Every structure is written in structure tokens, then in C-alpha cells.
Amino acid sequence: MLGDALEWRSLEMTLTDGRRLRATLPADMVFEDLAPRLWDVDGDGAPEVVTVETALDRGARLAIWSAEGRRAATPFIGERHRWLAPLAAADLDGDGRVEIAYVDRPHLARVLRLWRLEGDRLVAVASMQGVTNHRIGEAVIHGGLRACGDRPELVAADGTWRRLLAIGFDGTRLSARDIGPWSPEAEARARACR
């Protein structure tokens, strides 16, 4: 996971009816992530499996899996040894549709990207420079979601790891508010609305 010697080519899902399903990637791809996430990204009340797939020569992409197989995926970043770090999924703008957030190349580009599942495609919705949620060598992806007001917000570090950001989406664009110095403790407090 996350560039170490241990990578996974298979994803196993255990369904509520007890069935176990396994998906195996081609030999030039791995699941490069801490763990799959169970997020309801289509708003039907049941979770989908959200994970990062990496191709040896094309870098990473975000993929949505269900019992029927891979449902959708973003394009690959396009360059080997390039990764993305999932952040959260929620209806950020209150329109009834779920946005999926990740940081594209959290160590290099530091671009927050929002996507939305539309049928069997992931469609780009918005992006913002200067955001990160992972540091090289750490076995944790920082940040996430908070619901402190009328709408949920994303919580992440600025690109320098000095400031903590609360990021909102108005349906058109992302906007960030500086909510203080970044630390793991400050991030936990922010996500808990304290």
C-alpha cells in the first residue's frame, strides 16, 4: 500500500446476503490504497466500494466498484509513480447528488478534485490548487468531512502543511477558509466541529 512492497491485485467484497465476490486487476495494475472505502456515491442508501487503482505506466485513478464489477473510474493521472489520495464523499452543495473528493498527487501537484457519478461515468465537477492530505512515508490519509453548519465541508491541509482548511462547494466552485494551524489534533477537532 502507498508505494511500499505490499500491493494488492484483488478486491474481495462480502455482500449482505453472504456472497463473496472477487475482482482481480491485470498484471500491470494494483490497488494502491490504505483500504477500500464504503461510501454511498450514488445516493441509493447502499454503499459502493471506492478505491485507488494504479497502473504501472499510467499512474493512479479513483474507481467505484459494486457487486456487478467496476462501475466507473476517473482517467489515470497519466504518468507512472503518480498517486491520488481519497478525501471524502458527500452532497456538498445540497443538490441531492454526491460529490467525491480526492487530492491529485498530494506530494507534487496538490490539486483537490471533485467528481460526481453520473450513470456509469465519473464526471469532473471542480478543482482547487494548494490542498493536500498525505505526506510521503505516512500510513494515514489526513482530512475528511465535517458537518458543522448548513452544508458539509471538506477538511484538509494547505499545500505547505501549515494551515488547516475548511473547503465548501457551492455547486460551481470550491472555496477554502483558513481555520487555524494544521496538526493532527486540530484536524480531529475541526472534523468533530470543536
Side-chain angles (χ1 to χ4, degrees), residues 2-3 32-34 37 39 41 50-55 57-64 72-95 97-118 121-191 193:
L2 303 183
E32 190 173 13
D33 207 346
L34 293 172
R37 288 146 193 83
W39 290 344
V41 298
V50 180
T51 192
V52 179
E53 300 174 352
T54 298
D57 61 344
R58 292 169 285 165
R61 70 180 179 185
L62 189 82
I64 311 296
T74 63
F76 288 101
I77 289 172
E79 189 177 340
R80 65 183 300 150
H81 305 299
R82 298 298 180 255
W83 184 67
L84 62 89
L87 186 58
D91 178 4
L92 297 172
D93 60 352
D95 70 353
R97 298 178 295 171
V98 175
E99 287 77 38
I100 305 164
Y102 69 72
V103 178
D104 178 351
R105 295 163 287 172
H107 320 119
L108 298 170
R110 298 181 182 101
V111 178
L112 174 63
R113 298 197 186 277
L114 281 190
W115 296 79
R116 188 178 293 129
L117 183 64
E118 294 185 3
R121 299 181 319 121
L122 281 167
V123 176
V125 176
S127 65
M128 172 184 280
Q129 301 279 338
V131 178
T132 192
N133 63 341
H134 184 262
R135 290 195 274 202
I136 293 174
E138 290 190 347
V140 63
I141 296 173
H142 294 282
L145 191 67
R146 75 185 204 157
C148 304
D150 295 340
R151 291 189 184 155
E153 294 177 301
L154 302 168
V155 176
D158 76 340
T160 68
W161 285 100
R162 292 188 187 108
R163 307 303 298 176
L164 187 61
L165 304 175
I167 303 164
F169 178 59
D170 67 4
T172 303
R173 66 180 195 72
L174 291 158
S175 59
R177 290 183 300 112
D178 183 321
I179 55 175
W182 184 90
S183 70
E185 298 78 18
E187 177 190 296
R189 286 191 302 273
R191 290 181 65 188
C193 303

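If you read the sequence from its start, that first residue is 1, and numbering goes on from there. Only a predicted model underlies this, so the values are computations on that prediction, with no experimental measurement involved.
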Legend entry - Derivation of the side chain to side chain contact (heavy atoms under 4.5 Å, CB included) call for Trp115 and Thr74: CA-CA 8 Å; Trp115 296 79; Thr74 63; 3.6 Å; yes
Legend entry - Whether Trp161 and Trp182 hold their rings parallel, tilted or perpendicular, with breakpoints at 30° and 60°: perpendicular
Inset, instruction - Apply side chain to side chain donor-acceptor pair (under 3.5 Å) to Asp158 and list each qualifying residue two or more places apart in sequence or on a separate chain. - result: Thr160
Inset, instruction - Sequence neighbours left out, what passes side chain to side chain contact (heavy atoms under 4.5 Å, CB included) with Gln129? Give chain and number order. - result: Val111
Inset, instruction - Sort and list the pairs that fulfil disulfide (SG to SG under 2.5 Å) and have at least one residue in residues 152-187, not counting sequence neighbours. - result: none
Legend entry - ring pair (Phe, Tyr, Trp, His ring centres under 6.0 Å) involving His107 - partner list, sequence neighbours excluded: His134
Inset, instruction - Taking the side chain as every heavy atom from C-beta outward, state whether Asp170 and Ser175 have any pair of such atoms under 4.5 Å apart. - result: no
Inset, instruction - Under the side chain to side chain contact (heavy atoms under 4.5 Å, CB included) rule, collect the residues that match up with Ala55, sequence neighbours excluded. - result: Met29, Asp57, Arg58, Phe76
Inset, instruction - For Arg163, check salt bridge (Lys or Arg N to Asp or Glu O under 4.0 Å) against everything at least two apart and list the hits. - result: Asp178
Inset, instruction - Identify, with sequence neighbours excluded, every residue that meets salt bridge (Lys or Arg N to Asp or Glu O under 4.0 Å) alongside Glu99. - result: Arg116
Legend entry - Heavy-atom closest pair, residues Asp33 and Arg37: OD2-NH1, 2.6 Å
Inset, instruction - Compare every heavy atom of Trp39 with every heavy atom of Ile100, then report the nearest pair and how far apart it is. - result: CG2-CZ3, 4.2 Å
Inset, instruction - Go through Val50 and Leu62 one step at a time and tell me if the side chain to side chain contact (heavy atoms under 4.5 Å, CB included) criterion holds. - result: CA-CA 7 Å; Val50 180; Leu62 189 82; 3.8 Å; yes
Inset, instruction - Can you see which heavy atom on Ala90 is nearest to which on Leu145, and at what distance? - result: CB-CD2, 3.6 Å
Legend entry - Heavy-atom closest contact (Thr132 atom, Pro106 atom, distance): OG1-O, 2.7 Å
Legend entry - Result of checking Asn133, Val131, Leu87 against Leu154 for side-chain contact (heavy atoms from CB on, under 4.5 Å): Leu87
Legend entry - Nearest non-hydrogen partners of Leu112 and Ala101, listed with the distance: CD1-CB, 4.1 Å
Inset, instruction - Measure across Leu34 and Ala139 and return the closest heavy-atom pair with its distance rounded to 0.1 Å. - result: CD2-O, 3.6 Å
Inset, instruction - Would you confirm whether Trp83, through its side chain, and Glu32, through its main-chain N or O, come within 3.5 Å as a donor-acceptor pair? - result: yes
Legend entry - With sequence neighbours excluded, residues passing side chain to side chain donor-acceptor pair (under 3.5 Å) with Arg97: Asp95
Inset, instruction - Tell me, please, which residues at least two apart from Arg82 pass side chain to side chain donor-acceptor pair (under 3.5 Å). - result: Glu79
Legend entry - Rounded distance [0.5 Å steps], CZ in Arg105 versus CG in Leu84: 9.5 Å
Legend entry - Residues in side chain to side chain donor-acceptor pair (under 3.5 Å) contact with Arg110, at least two apart in sequence or another chain: none
Inset, instruction - Not counting sequence neighbours, which residues clear salt bridge (Lys or Arg N to Asp or Glu O under 4.0 Å) with Arg146? List them please. - result: Glu153
Inset, instruction - Can you sort out the partners of Arg113 under salt bridge (Lys or Arg N to Asp or Glu O under 4.0 Å), two or more places apart, ordered by chain and number? - result: Asp104
Legend entry - Side chain to side chain, Phe169 and Val125, heavy atoms closer than 4.5 Å: yes
